[in-house]
Structures are given as C-alpha cells and as structure tokens.
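Only one structure is covered here, and it is reproduced in the block below.
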Protein chains: 2
Amino acid sequence: METIPRRQCKRTHEYDTYPYEHEEVSMVAITIKDVAALAGVSVATASRVLSGSPATSPEARANVVAAAAQLDYRPNAQARALRSTHTESIGLLVSDVRNPFFADLAHTVEQAALAAGYVTLLGNANERKEQQDRYLDTLISRRVDGIVVSPLGDGSGSIRSLIQRKIPTVFVDRTVDGVDVPSVTTDSETGIRQAVEHLAAAGHTRIGYISGPQSISTGRDRFAAFTRAVAEFGLSQDPELVYFGDFQAASGSAGVHALLELRQPPTALLAADSPMAVGAIAILHRRGLRIGRDVALIAFDDIEWFALLDPALSVISHSVEEMGRIAVKMLLEVIGGGTPESVVLPSELIIRGSSSAPVSPTPLSPEFV
Amino acid sequence: METIPRRQCKRTHEYDTYPYEHEEVSMVAITIKDVAALAGVSVATASRVLSGSPATSPEARANVVAAAAQLDYRPNAQARALRSTHTESIGLLVSDVRNPFFADLAHTVEQAALAAGYVTLLGNANERKEQQDRYLDTLISRRVDGIVVSPLGDGSGSIRSLIQRKIPTVFVDRTVDGVDVPSVTTDSETGIRQAVEHLAAAGHTRIGYISGPQSISTGRDRFAAFTRAVAEFGLSQDPELVYFGDFQAASGSAGVHALLELRQPPTALLAADSPMAVGAIAILHRRGLRIGRDVALIAFDDIEWFALLDPALSVISHSVEEMGRIAVKMLLEVIGGGTPESVVLPSELIIRGSSSAPVSPTPLSPEFV
DNA sequence: CGTTTCCATGGAAACGATTCCACGAAGACA
DNA sequence: TGTCTTCGTGGAATCGTTTCCATGGAAACG
C-alpha cells in the first residue's frame with residue numbers, strides 16, 4: 001500500500017458523478033469543463049481558444065466557439081482573476097453621486113474606461129470617510145486593476161493602504177496633501193479671480209462666500225483663491241463674509257441664512273459648488289430676494305440646467321468631460337507602469353443674468369433703508 | 001528515476017523561496033498563509049477566525065487578528081467567492097446616471113444595500129441595449145449575488161441569460177413584457193390623470209405630450225395613461241400632439257420644436273421624464289415663451305431643483321427613496337429564496353407656477369393672432 | 001531517409017480562499 | 001479507570017480558470 005502515491009485517493013470528478021438530477025439542471029453553472037467536453041477537446045485547449053491564444057487549430061477553435069455559444073458559457077471572472085492577476089476592471093469612487101458634477105464625471109469615466117475595455121465599479125462615498133474607506137477596501141479586495149478617486153479626508157485609512165500596496169491610483173477633482181499620486185484637478189484660481197473681478201466691476205464691495213470644507217483640497221483651494229482675489233481688488237475682507245459649508249445643499253441654505261443676518265450683509269454671493277448653490281437659491285427665493293437684482297449670485301461648477309434658471313446663473317465653468325477622459329488615460333498609464341504628470345485644467349467665468357445687474361442701492365442692509 | 005512520483009517535481013513554496021528582494025517587498029500581496037504563519041496557526045484556523053467561525057480558541061483568535069492587523073491583510077474576494085458561492089455584492093444597472101432620478105436611485109439603493117452588508121456595483125446602460133448587455137454580462141461573470149436593473153429593450157440578450165441562470169433579479173422603475181421578475185414601479189396613471197384634469201380645468205384643450213420611447217415600459221404606460229386621460233376629459237386626441245422622444249434631454253428640445261410648429265400648437269405641455277423637461281424648458285426660453293403664461297408645462301419626475309425655477313415647475317412626483325429601498329428589500333428576499341410580490345408605488349401631481357395660469361387667449365396659434 | 005524544429009494538444013500545478021474530515025486532548029459520565 | 005462526547009486544530013480537497021511542461025505528429029531541413 002505504501003508505494004501507491006497519495007493522489008490515488010483524490011476523488012475523481014468525472015461527469016457521471018455530477019449531481020445531475022432531473023430538475024434544477026440549470027442551477028448548476030456551466031464551466032469551461034463543460035465547454036471542453038462538448039467541443040471534444042481538453043480544458044487547456046478550450047481556455048486557449050476562449051482567451052484568444054494563437055496556438056490553436058482552426059478546427060479546435062470552431063468547435064470550442066460553437067460549444068461555448070450553445071451552452072451560453074460565461075467565464076467565471078473570479079477564477080480568471082485569481083489565476084491571472086488582472087481583472088480588466090477599474091474602480092471609481094466619487095464623493096457624492098447626487099452632485100451632478102460627479103454624476104457627469106461618473107458617466108465620462110465609465111464611457112472612457114469602456115472604450116479601453118475596462119468596466120467601472122462605481123462607489124459613492126457620500127462625503128463620508130467611513131464610506132470611502134469601506135468602498136476602497138472592497139475595491140482592493142476585488143483586485144480592481146486601478147482606482148480613480150475624488151478623495152476626502154487626509155492620507156490615513158484606506159488611502160494609505162492603497163499607496164502602500166502600490167495599487168494604481170489617480171486622484172480626480174481633489175487631492176490629498178502629502179500623498180504623491182497623479183491627479184487631474186481644476187485651477188480654481190483663474191475662474192474665481194474673474195468672478196470677483198466681475199463683481200467688483202459691478203460695484204460690489206462685500207461678497208459673501210459660501211465655502212467648501214477646509215478638509216477637502218478643493219474647499220481649501222477655492223477659499224484661498226477667493227481670499228487672494230478679494231484682497232487684490234480691494235474688497236471687504238471681513239471674515240464674517242465667509243460661511244463654511246460642507247459642499248452639500250443644506251449647508252448652502254444655512255450659509256445664505258447666516259450671511260443675510262449680518263449687520264452688513266453682502267450684496268453678492270459666491271458658492272463654492274453647485275449643490276450649495278442650489279441650497280442658496282432655494283433660500284433666496286423663500287426670502288423673496290430677486291437673484292440678479294437684489295443680490296448677485298455666482299456658482300462654481302457649470303451644471304446644464306443652471307442656464308435654465310431665470311435669471312440664468314453665472315458660473316465658473318470647468319470641463320467634466322475632459323477631467324474624466326484624462327483621469328482614465330492617466331490611470332491606464334499608471335497601470336501600464338508609467339508615472340504620468342498631474343494635469344491642472346483651466347476654469348473660466350461664464351457671465352449670465354444672475355450677476356449682470358450693477359449693485360443695487362443698499363437693498364439688503366437694514367440700517368441704510 | 002521512473003519510480004519517483006510526479007509530484008516530486010512540484011515546486012516547493014516555502015517562504016525562503018519567495019522572491020523577496022531587498023526592494024519592492026510590498027508588491028507581493030499578502031495572503032492568508034502569511035497571516036497564519038505569523039500567528040503560528042494553520043491556514044484552516046486562520047480562515048475560521050477571519051470568517052468568524054465559533055470553533056476557535058480565544059488564543060488563536062487573538063493571534064490571528066493581531067497578525068492580520070499587523071500585515072494589513074485584505075482577503076482576496078475572488079478566491080473567497082470562488083469557493084463559497086456568494087459575494088456579498090449586488091449589481092445595480094441604471095439606464096442613465098446623468099438623469100437625476102437615477103442618480104438618486106443609485107444613491108438610495110447603495111445606502112440600503114450597504115446597510116444590509118452588501119456593496120453595490122453600479123453600471124450605466126446609457127439608454128443603450130449593447131451597453132446594458134455588456135454590463136449584465138460583467139455582473140454575471142463577477143457572480144454578484146443579485147441584480148437590480150431598470151431594463152430597456154425586450155427580454156432578449158442578457159436579460160434572458162439572467163432569467164435562465166436564475167440569478168436573483170429585481171426590476172426597478174421599468175419592467176419587461178413577458179419576463180416574470182418581481183418589480184417596483186410607479187403607477188403613472190393617477191399622476192398623469194391628475195395632471196390632465198388640472199390642465200383641462202384651466203381651460204387647456206390641446207395638450208402636447210412629449211413621450212418616452214414605446215420600447216420602454218414606462219414610456220408605454222405613461223403614454224397610455226395620457227391617452228386615456230385626454231379621452232376621459234374630452235380634450236383633443238389629435239395624434240400630432242404627441243411627440244415620441246427617447247427620455248433624454250435633446251429629444252425634449254426636439255419635441256418642443258416639433259409641437260410648436262404645428263398649425264394648431266398645444267397650449268400646455270406634458271413631458272414624460274425630467275431630462276426631456278429640461279430640454280423642453282431650454283427651447284421654450286430660447287423661443288421667448290414664458291412658461292406658466294404663454295404655455296403651461298408639467299414634468300413627470302420630481303427633481304429637487306425643479307422647484308427653484310421661476311415659475312416653479314409643476315411635477316408628477318413619485319418617491320425615489322422608497323423605490324430604492326423596496327427594490328433592495330425585495331432583492332434580498334429573492335436572494336434568500338423567496339418570491340416577493342411586485343410593488344406599485346403611487347404618483348401624485350404637485351401643482352406649482354408652471355401650470356397655474358389659466359389658458360392664455362390663443363397665444364401660440366399664428367392663424368388667430 | 002534521419003534528424004531537427006515547430007506546433008497543437010493534454011495533463012497537472014497554481015492562484016487564495018473555504019470547508020470536509022480525521023485526529024488528539026480534555027472533560028463528562030458510568 | 002475506561003469509554004464517550006466535545007472541541008480546537010491541521011491536512012488536504014475544492015472552486016474554475018490560466019499556464020507551464022511534456023508529448024507526439026507533421027513539416028522542414030540536411
């Protein structure tokens with residue numbers, strides 16, 4: 001007995017031992033083994049044909065392809081990824097799907113990835129660090145080939161794991177201080193400077209700024225740009241004119257409330273992203289203030305329907321399409337072993353009705369009425 | 001030589017043969033084997049601890065947990081799913097992420113799934129059958145535990161594979177004729193009937209309808225409801241008053257153009273979804289028509305910022321949150337082996353400024369000017 | 001015609017986890 | 001004290017694929 005090799009006891013898995021009962025047949029998933037059997041070739045050959053290896057005879061190819069089609073065979077992505085270490089998929093983690101900017105970004109990234117043969121797994125951090133970490137963990141576990149992320153928080157948590165594991169990563173829209181990862185971002189400076197200049201030219205001296213959180217790079221950048229511009233054009237630098245929101249609609253509403261309660265309220269408002277602008281508009285309406293006449297309003301982010309408002313909303317515009325496209329291109333470079341340079345896209349003021357009227361004669365300040 | 005068993009040549013994979021060079025150490029992924037080795041237990045025990053099996057000693061548990069933490073171990077989801085046939089993940093395939101309705105749906109589905117311990121892989125069919133099929137294939141390949149889909153097209157292609165493989169599936173917002181799958185949909189009838197009644201009461205007799213495509217269930221349902229309502233209230237059933245769009249913004253614009261070119265143009269418009277309403281509004285603005293005065297407008301789908309327009313847009317509202325929540329609940333039931341009943345959610349007219357003025361005296365019809 | 005090269009093919013190892021099974025130690029019971 | 005459970009543990013099979021290696025026949029070369 002001792003001379004019989006161990007593998008003797010390995011249970012055979014021939015077809016006749018399969019639990020083929022009379023019903024529920026369709027429940028047992030069909031594998032490459034079934035395809036090979038039907039095609040009359042070995043699994044190895046079947047695999048070669050299905051993954052397009054050149055070392056196959058036309059005959060085998062035809063048989064296998066026919067068998068696969070007949071059985072409606074779908075390769076098990078898990079098994080495939082387990083053996084060959086790439087999954088032909090990327091992760092996209094946005095900070096808030098309901099923000100139209102990120103919805104558009106999701107759309108362009110996905111289309112660009114699809115064109116390159118990758119599928120996109122989309123995660124939504126919902127502007128919350130725990131959820132970001134949770135999704136990042138899942139994406140790591142699923143061994144995506146790379147990740148495009150608009151990060152929040154600092155370089156701790158799963159972002160750190162990402163870097164340590166050298167998982168191909170590209171930051172989009174936002175960056176994380178001290179983390180050296182290629183990124184596609186927007187140069188807020190130009191657009192914000194143009195906006196402030198434009199408002200100053202219309203006679204505004206007190207501009208209220210509804211800022212994003214300082215824990216997010218775009219929040220910091222835009223606030224810094226605003227601060228610089230206000231100083232440059234000699235406008236009021238009253239710190240009360242700045243309200244710190246969280247990039248979500250409710251905080252835009254709260255910001256308007258707070259700013260309008262000031263003893264010397266602003267005559268113009270600048271919102272650092274579109275959801276906060278939406279929140280701001282809602283409250284301005286409710287308070288009976290006419291945008292573009294009683295108060296000027298400009299928003300960062302160009303959302304399609306902002307132009308449909310009456311008056312149409314002036315915006316600081318930057319290209320989502322380009323951002324998404326470039327992010328995918330860069331990620332593919334990183335996956336390919338390259339180290340692409342970070343890209344900074346331009347921003348630009350688009351003047352519409354909401355900011356075009358000159359400053360009205362002290363409309364908001366009760367003490368001058 | 002011949003007596004040496006084959007397995008002799010099996011390469012050993014002891015640790016000392018690992019390609020540990022002085023650098024790039026972090027590139028080699030850490031597996032459960034590493035964790036087990038560091039903890040001084042077998043892989044089997046490590047696995048048991050990590051997947052929370054009760055049959056483990058406190059001592060082993062402590063060691064393994066510590067080792068896993070120290071190595072920052074992340075289980076390989078592929079391998080895990082290969083063995084145990086569930087992946088703790090669901091797929092969500094929406095027809096268009098840029099449609100705020102579906103963005104919101106994505107958000108609620110994702111949050112509901114997360115709460116139940118599932119991650120959501122989101123796909124975007126972009127209202128195109130090929131892309132829907134492509135994503136469905138990927139989701140099948142990745143062996144998600146279930147799929148929530150707002151389907152388009154008929155029951156052919158990958159939808160069929162889904163059913164045949166008995167992959168837990170729930171339709172959301174839309175259904176597919178002849179395919180027996182639990183669904184969460186909206187009862188368009190009530191809301192549309194209310195809208196038509198409301199317009200009729202204001203004196204409108206010719207209502208232009210910008211319809212969704214008849215290849216999509218909601219397109220058909222809403223059109224049928226409109227047809228019935230128009231007949232019921234004795235309004236014009238002129239077929240020219242119906243424009244068939246594709247649920248995307250551009251076709252809303254085209255619809256308005258077409259309807260306003262009629263010899264007898266409508267005095268009120270009803271758009272079957274929000275992107276088409278946006279396209280419609282853009283063209284109405286461009287043509288200098290005042291919504292709510294020169295022409296009434298009502299849209300299906302309640303989008304947050306529709307209330308911010310001036311005049312605010314009357315809408316037929318239905319609850320996305322509930323739809324998403326119920327879809328996930330139903331999917332979990334199907335995964336658990338149940339067969340939940342389909343759910344139909346109510347819709348309801350919300351009257352705002354865009355439809356409140358009485359019909360203006362022949363404002364649009366050139367022949368009466 | 002004999003030797004070498006080429007190439008399609010099949011067998012089996014490998015990927016990283018889970019889980020069945022057997023085993024030995026310890027506690028319970030008579 | 002001896003047998004019977006109970007329980008933690010490790011070895012090994014297993015999931016479905018890719019890929020290395022050996023093989024054998026055909027083609028090409030001298």
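Throughout, protein chains are lettered first and strands after them, A, B, ... in sequence-line order, and every chain is numbered starting at 1.
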Check nucleotides 17-24 of chain C for protein N or O atoms closer than 3.5 Å to its own N or O atoms and list the pairs.
unit_1, atom_1, unit_2, atom_2, d
dA17(C), OP1, Y73(B), OH, 2.8
dA17(C), OP1, N76(B), N, 2.9
dA17(C), OP2, I32(B), N, 2.4
dA17(C), O5', Y73(B), OH, 3.4
dT18(C), OP1, R80(B), NH1, 3.1
dT18(C), OP2, S47(B), OG, 2.6
dT18(C), O2, R83(B), NH1, 2.6

Quiz prompt | Partner set under salt bridge (charged side-chain N to carboxylate O under 4.0 Å, His left out) for R174(B), not counting sequence neighbours | solution = E127(B)

Exercise. Compute the angle between the rotation axes at the two ends of the helix from dC1(C)-dG30(D) to dA30(C)-dT1(D), each taken over five pairs, rounded to 10 degrees.
Key: 40°

Practice problem: To the nearest Å, give me how far apart CG (D34(A)) and C1' (dC15(D)) are. | Solution: 14 Å

Quiz item: Toward the 5' end of DNA chain D, which comes first, L82(B) or T56(B), by nearest nucleotide?
Solution: T56(B)

Quiz prompt | salt bridge (charged side-chain N to carboxylate O under 4.0 Å, His left out) partners of residues 53-69 of chain A, not counting sequence neighbours, each pair once | solution = none

Quiz item: Would you say the side chains of S161(B) and S158(B) form a donor-acceptor pair under 3.5 Å?
Solution: no

Practice problem: Starting at atom CD of E59(A), determine the distance to atom P of dG25(D), rounded to an integer number of angstrom. | Solution: 17 Å

Practice problem: Please name all residues satisfying salt bridge (charged side-chain N to carboxylate O under 4.0 Å, His left out) with R83(B), sequence neighbours left out, ordered by chain then number. | Solution: none

Quiz item: Is the CZ atom of R74(A) crowded by more than 12 outside heavy atoms at less than 6.0 Å?
Solution: yes

Self-check item: S57(A) vs dC7(C): side-chain N/O to OP1/OP2 distance below 4.0 Å
Solution: no

Self-check item: D34(A) side-chain N/O to T31(A) backbone N/O, donor-acceptor pair under 3.5 Å
Solution: yes

Practice problem: Report the residues that fulfil side chain to side chain donor-acceptor pair (under 3.5 Å) with S89(B), sequence neighbours left out, ordered by chain and then residue number. | Solution: R142(A), T87(B)

Quiz item: Can you check the N63(A) CG to dA8(C) C1' distance for me, whole Å?
Solution: 14 Å

Quiz item: Heavy atoms under 4.0 Å, any strand shown: does A81(B) hit a base, just sugar-phosphate, or nothing?
Solution: nothing

Practice problem: Establish, from distance only, whether the side-chain atoms of H107(B) and D96(A) form a donor-acceptor pair under 3.5 Å. | Solution: no

